[in-house]
Amino acid sequence: MFMEFVSGGELFTHLREEGMFEAHKAAFYASHIVLVFEHLHSKNIIYRDLKPENVLIGTDGYLKLTDFGFAKQIENRTFTLCGTPEYLAPEILQNQGHGKPVDWWTLGVLIYEMIAGIDPFADDDPLLIYQNILKGELHFPKGFDNDAKSLVKHLLVNDLSKRYGNLKNGTFLLM
C-alpha cells in the first residue's frame, strides 16, 4: 500500500508547537474541513473521527484528511460507538443513532481547540468528558474571537435541528 507523503505534518503537531492559532488561521483550516465534509456528505459518507491528529498540512498550507477507519456510508443513521472521547457528539453518547450532524459537532470542537489550545470538554477522566459533553456548557477563554465563538456555539448545540451544517439539503450554514 502506498500513501502520499504530506510534508507539512499533522495539524496536532503545529497546534502543540504554537499552543493555539489566531482566529483567521483557524477559520482558514476550518473552511477546508467544511469543504471535505460537504463532499463526503454529498456521497452519504460520515467521517466520525475529526481531530488534529487526523488532519495533515500540505506544503501549500492546505489540509488533507487522513484515517478513514471510522468513515461509513449511511442513508440515515448508524448506532456504532466510535470516535475520540473529547470529540464525541451527544447523540453518540446517548446511543440515539447518529448521522452527518456528528461531523459538524466535531468541527465545532476542533475550531474551539485550535483557538483555545484545549478542547471545550477537557478532563483527565473520560467519564467526566462525557458528562461535560452531555451538559453542553461552553466556557470560552478571554479573548476568544466573537465570530468564532458564535460559530462554535452553533456547531456544539445538542438540538440537531439547530446545529449548523444540519440543513435539509445538507449544506453548511454560515451567518
Side-chain angles (χ1 to χ4, degrees), residues 3-41 45-71 82-90 92-93 100-157 163-165 172 174:
M3 293 176 57
E4 175 186 359
F5 176 65
V6 183
S7 64
E10 294 178 355
L11 181 67
F12 177 84
T13 303
H14 292 268
L15 187 54
R16 291 303 171 257
E17 286 174 357
E18 294 182 40
M20 60 189 74
F21 297 150
E22 295 290 328
H24 65 89
K25 187 172 187 175
F28 177 73
Y29 289 151
S31 69
H32 300 167
I33 302 299
V34 168
L35 294 173
V36 169
F37 283 168
E38 284 185 335
H39 177 73
L40 290 173
H41 292 177
I45 297 171
I46 53 176
Y47 179 67
R48 302 191 296 179
D49 201 21
L50 182 65
K51 58 186 175 182
E53 296 89 334
N54 288 345
V55 179
L56 303 177
I57 304 174
T59 54
D60 57 2
Y62 286 89
L63 300 183
K64 295 182 183 259
L65 213 52
T66 188
D67 191 356
F68 281 74
F70 290 146
C82 62
T84 302
E86 295 84 359
Y87 282 76
L88 291 177
I92 293 176
L93 295 173
K100 297 171 187 174
V102 300
D103 284 341
W104 300 114
W105 175 276
T106 62
L107 178 62
V109 175
L110 181 66
I111 292 169
Y112 185 103
E113 186 172 354
M114 286 191 291
I115 296 173
I118 189 168
D119 67 88
F121 307 109
D123 201 287
D124 292 333
D125 182 351
L127 292 178
L128 292 177
I129 292 169
Y130 301 150
Q131 288 177 3
N132 292 341
I133 290 169
L134 293 172
K135 282 185 212 168
E137 296 174 4
L138 292 172
H139 304 283
F140 293 90
K142 187 177 179 182
F144 199 99
D145 181 81
N146 286 332
D147 291 331
K149 185 185 296 186
S150 175
L151 179 57
V152 168
K153 283 181 179 180
H154 285 93
L155 288 166
L156 298 181
V157 62
R163 187 178 300 164
Y164 276 13
F172 189 73
L174 291 175

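Within the structure, side-chain hydrogen bond (donor to acceptor under 3.5 Å, both in side chains) contacts touching residues 11-28 (residues at least two apart or in different chains) are Arg16-Glu113, Glu18-Lys25.
Under the side chain to side chain donor-acceptor pair (under 3.5 Å) criterion, Lys64 pairs with Glu4, sequence neighbours left out. With sequence neighbours left out, Ala26 forms a side-chain contact (heavy atoms from CB on, under 4.5 Å) with Met114, Ile115.
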When the side chains of residues 139-147 are checked against the rest of the protein, which donor-acceptor pairs come out under 3.5 Å, sequence neighbours left out?
{"from": "Asp145", "atom 1": "OD2", "to": "Asp147", "atom 2": "N", "distance (Å)": "3.1"}
{"from": "Asp145", "atom 1": "OD2", "to": "Ala148", "atom 2": "N", "distance (Å)": "2.9"}

Give the table of side-chain donor-acceptor pairs shorter than 3.5 Å for residues 125-138, with sequence neighbours excluded, one pair per line with atom names and distance.
{"from": "Asp125", "atom 1": "OD1", "to": "Leu127", "atom 2": "N", "distance (Å)": "3.0"}
{"from": "Asn132", "atom 1": "ND2", "to": "Phe121", "atom 2": "O", "distance (Å)": "3.4"}
{"from": "Asn132", "atom 1": "ND2", "to": "Leu128", "atom 2": "O", "distance (Å)": "3.2"}

Identify every side-chain donor-acceptor pair in residues 50-61 under 3.5 Å, counting partners at least two apart or on other chains, and give the distances.
{"from": "Lys51", "atom 1": "NZ", "to": "Thr84", "atom 2": "OG1", "distance (Å)": "3.1"}
{"from": "Asn54", "atom 1": "ND2", "to": "Asp49", "atom 2": "O", "distance (Å)": "2.8"}
{"from": "Asn54", "atom 1": "ND2", "to": "Asp49", "atom 2": "OD2", "distance (Å)": "3.0"}
{"from": "Asp60", "atom 1": "OD1", "to": "Tyr62", "atom 2": "N", "distance (Å)": "3.0"}

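Summarising the geometry of Ala116 relative to Met20, their closest heavy-atom pair is O-CE, 3.6 Å, with the distance given to 0.1 Å. The nearest pair of heavy atoms linking Glu86 to Val109 is O-CG1, 3.8 Å.
Here the side chain of Arg163 pairs no donor or acceptor atom with the backbone of Trp104 at under 3.5 angstrom. Side chain of Tyr47 to backbone of Asp67: a donor-acceptor contact under 3.5 angstrom is found. Here the side chain of His154 pairs a donor or acceptor atom with the backbone of Ser150 at under 3.5 angstrom.
In this structure, the side chains of Leu110 and Tyr87 come closer than 4.5 Å at one or more pairs of heavy atoms.
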Quick one: do Tyr29 and Leu15 satisfy side chain to side chain contact (heavy atoms under 4.5 Å, CB included)? Show the steps, please. CA-CA 12 Å; Tyr29 289 151; Leu15 187 54; over 6 Å; no
Trp105/Leu155 under side chain to side chain contact (heavy atoms under 4.5 Å, CB included): CA gap, chis, key distance, verdict: CA-CA 5 Å; Trp105 175 276; Leu155 288 166; over 6 Å; no
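Taken from CG in Leu35 to CG in Leu65, the straight-line distance is 12.0 Å, to the nearest 0.5 Å. In this structure, the separation between CG on Leu107 and CG on Leu151 is 6.5 Å, given to the nearest 0.5 Å.
The aromatic rings of His32 and Phe28 lie perpendicular to each other, with more than 60° between the two planes, well past the 30° mark.
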